[in-house]
Amino acid sequence: MDRKKFLIFILKTIVFVFLVTVLFRALFWFLWKYEKGPEAYAKSYQRALLKQIYALEDADRDPRVIVFGSSYVPYGIDKETLEESIGDGREVQTLGIEAAIGIPYLTQVLRETAKEGDTVIYMLGESNPHETSVMSISAALEPDKEKLTAYWKKYGIVSKTYLCWRKIYALTASVPVEKLRSAFSKKEQIYNIDSFDEKGNMTVLREGTQISPNTDHDDVITIDEVDPETIADLNDFNAWCGENGVEFIICFSPTVEESWSEEEGMFESFDEDITAALNAPVLGSFGDYTIPAEYFFNHPLHLNTEGAKIYSKLLGEKYASYK
């Protein structure tokens, strides 16, 4: 190849790389900026978190009872039953979709949205995550770029490129992949935004149980099961609530009645330790919240629809007695 042809080849390569780069950046700009463009997680159940946040941000809302925590919150709270059991006329709102959202993010949301007269109840369970999943937050907040970029900026994360690649997947391979997944899965697909109402409360009907009814009576609960950072987060949030006219209370998540060790004094010991570690008042004993296996759905912490009514009635009565 002579010198002239070589220079032309180099020039063409530069032009080609430049055009590809421009088109690539233009594509990503379109995927990120264009409001009517595709969404990476359009039907994701994590979107219910954004609905919950919007419901709490409503400037005209009256004080509410807000129950927050991990996935056992949407599965465990039947809104109407809890409202009836509490009986003070306040609306109930859940906040939390899955463990991957993390307590620090949820308490941050509450610091920005809770108002004087609210009662905030944290459902303490076996899964009390301190860390937050970037993917879960991105899926939840995707439609609200202001909230999403604020989260990324706070934690020093740049996930715009990842989200755009996910949008390309949503436009191409996701349709056949989801069809195959649904065809091969024998489970009802309830992990979908359609399983929640306009305020992010779970409403999908969950019938029967998919967990084994045979349990071994060998589960043990101690204070060591609770992450010290979780305790610190909750105590910090309790202090904030006290300074802002917000009532903060701890309750326990539902657990399978037949699964626990019959070791004498186990629940009492855990109750004493958790009450000493937490500054907020605790409603009842851990053992009070055990429910038969038949009322759980697809996980030993996820209640079916009937189980959610049983748990919500129990929680409401405990709160009413406490007051």
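Below, each value reflects all heavy atoms present in this structure, side chains not excepted, and no hydrogens, waters or symmetry copies.
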Answer with yes or no whether the side chains of [Y] and [X] bring together a donor and an acceptor at under 3.5 Å.
{"X": "Thr94", "Y": "Asn201", "answer": "yes"}
{"X": "Asn238", "Y": "Tyr122", "answer": "no"}
{"X": "Glu98", "Y": "Ser136", "answer": "yes"}
{"X": "Thr255", "Y": "Trp260", "answer": "yes"}

I need the full list of salt bridge (Lys or Arg N to Asp or Glu O under 4.0 Å) pairs touching residues 113-122, with sequence neighbours left out, sorted by first then second residue. Arg61-Asp118
Across all chains, not counting sequence neighbours, the ring-ring contact (aromatic ring centres under 6.0 Å, His included) partners of Phe296 are none
Looking at residues at least two apart in the chain, or sitting in another chain, which of them share a side chain to side chain contact (heavy atoms under 4.5 Å, CB included) with [X]?
{"X": "Thr13", "answer": "Phe9, Val17"}
{"X": "Ser85", "answer": "Thr81, Lys313"}
{"X": "Gln108", "answer": "Tyr105, Glu112, Lys154, Tyr155"}
{"X": "Glu268", "answer": "none"}

Determine the minimum heavy-atom distance between Ala55 and Arg64, stating which atoms define it.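 Of all heavy-atom pairs spanning Ala55 and Arg64, the closest is O-NH1, 3.1 Å.
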Closer than 4.0 angstrom, basic N to acidic O: yes or no for Glu142 and Arg47?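 Yes, Glu142 and Arg47 are salt-bridged.
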Side chains of residues 241-251: which donor-acceptor partners sit under 3.5 Å, not counting sequence neighbours?
residue	atom	partner	partner atom	Å
Asn244	ND2	Trp240	O	2.7
Glu247	OE1	Thr119	OG1	2.5
Glu247	OE1	Tyr319	OH	2.7
Glu247	OE2	Lys323	NZ	3.2

Could I get the full list of salt bridge (charged side-chain N to carboxylate O under 4.0 Å, His left out) partners for [X], not counting sequence neighbours?
{"X": "Asp88", "value": "Arg90"}
{"X": "Asp194", "value": "Lys43"}
{"X": "Lys199", "value": "Glu91"}
{"X": "Asp62", "value": "none"}

What pairs of donor and acceptor atoms, side-chain ones from residues 278-289 against any protein atom, are under 3.5 angstrom apart with sequence neighbours left out?
residue	atom	partner	partner atom	Å
Ser285	OG	Asp271	OD2	2.5
Ser285	OG	Gly287	N	3.2
Asp288	OD2	Ser285	N	2.8
Asp288	OD2	Lys318	NZ	3.0
Tyr289	OH	Leu283	O	2.8

